[in-house]
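All values reported here derive from a predicted model rather than from experimental measurement.
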Amino acid sequence: MLLLYSSDQRGVCYIETANLDGETNLKQRQVVSDLPLQGVESPLESFHSRIECENPNNDLSRFRGYMEHPSGLRVGLHNNNLLLRSCTVRNTETVVGIVVYAEPVM
């Protein structure tokens, strides 16, 4: 899930990845930079950007892509913007994101 909003004023989200890599220390993830949704009450209603990213891979530390805003501005996407399945959000009241990899339901 690509992190679009966090209740933290700095746009930070804290996660535990013990289910993925066995590490119990908290890691920080950051809302996508230059995203004007921080502080917006309903961030998804204001989201009109396009996301392009690489195909899924087995490397937990690699994620690359970009988000193109309606203005044409492109912002790079990286691993620190991504919440992986099986991560647990900690010490963060609210996060909002958009799923970037999903299998279609048949």
Side-chain angles (χ1 to χ4, degrees):
M1 181 176 84
L2 197 60
L3 187 59
L4 301 179
Y5 170 85
S6 170
S7 55
D8 181 271
Q9 292 180 355
R10 297 168 295 139
V12 173
C13 169
Y14 297 93
I15 61 168
E16 181 182 285
T17 59
N19 291 336
L20 295 171
D21 58 14
E23 293 185 23
T24 57
N25 57 317
L26 295 181
K27 297 174 181 71
Q28 284 189 7
R29 292 296 183 259
Q30 184 72 43
V31 168
V32 175
S33 63
D34 295 324
L35 195 59
L37 302 180
Q38 198 61 21
V40 174
E41 189 171 315
S42 299
L44 290 181
E45 292 175 7
S46 304
F47 184 78
H48 301 289
S49 300
R50 186 173 73 89
I51 298 169
E52 281 278 333
C53 55
E54 65 186 0
N55 289 329
N57 61 64
N58 291 331
D59 186 350
L60 295 177
S61 63
R62 193 181 107 202
F63 175 76
R64 297 185 196 279
Y66 66 88
M67 181 179 294
E68 186 173 345
H69 299 300
S71 66
L73 174 69
R74 284 187 177 182
V75 177
L77 303 175
H78 306 284
N79 187 51
N80 68 331
N81 306 126
L82 198 64
L83 304 181
L84 298 174
R85 182 176 59 200
S86 298
C87 291
T88 304
V89 175
R90 302 274 189 215
N91 300 341
T92 307
E93 186 176 319
T94 305
V95 296
V96 175
I98 190 165
V99 174
V100 290
Y101 298 127
E103 293 186 32
V105 177
M106 300 287 178

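- Between Leu77 and Leu2, the closest side-chain pair of non-hydrogen atoms falls below 4.5 Å.
- The two residues Val31 and Ser6 come nearest to each other via the heavy atoms CG2-N, 3.7 Å.
- Distance alone, capped at 3.5 Å, places no donor-acceptor pair between the Thr92 side chain and the Thr94 backbone.
- Inter-residue side-chain proximity for Phe47 and Ile98 is flagged as met; some heavy-atom pair is nearer than 4.5 Å.
- Of all heavy-atom pairs spanning Ser86 and Asn19, the tightest one is O-ND2, 3.3 Å.
- In this structure a side-chain-to-backbone donor-acceptor pair under 3.5 Å is present from Asn81 to Gln30.
- Leu4 places a side-chain heavy atom less than 4.5 Å from the side chain of Met67.
- With contacts defined as side-chain heavy-atom distances shorter than 4.5 Å, the pair Leu84/Leu82 qualifies.
- The line from CG of Leu26 to OH of Tyr14 is 8.5 Å long, rounded to the nearest 0.5 Å.
- Atom CD1 in Ile15 sits 10.0 Å away from atom CG in Asn25 (nearest 0.5 Å).
- Within the structure, every pair that satisfies the salt bridge (Lys or Arg N to Asp or Glu O under 4.0 Å) test and touches residues 18-28, not counting sequence neighbours, is listed here: Asp21-Lys27, Glu23-Lys27.
- Residues His48 and Pro70 share a closest heavy-atom pair of O-CG, 3.5 Å.
- Judged as a salt bridge (Lys or Arg N to Asp or Glu O under 4.0 Å), the pairs with a partner in residues 81-101 (not counting sequence neighbours) are, in order, Glu16-Arg90.
- Linking ILVMFWY residues whenever their side-chain heavy atoms come closer than 4.5 Å, directly or via other members, leaves Tyr66 and Val75 in distinct clusters.
- Screening residues 58-78 for salt bridge (Lys or Arg N to Asp or Glu O under 4.0 Å) gives Arg50-Glu68, Glu54-Arg62, Glu68-Arg74 as the qualifying pairs, with residues at least two apart or on separate chains.
- Val95 has its side chain out of reach of Ser7: every pair of non-hydrogen atoms, C-beta onward, lies at least 4.5 Å apart.
- Contact detail for Leu3 and Cys13: the closest heavy-atom pair is CD2-CB, 3.6 Å.
- For the atom pair SG (Cys87) and CZ (Arg29), the distance works out to 6.5 Å, reported to the nearest 0.5 Å.
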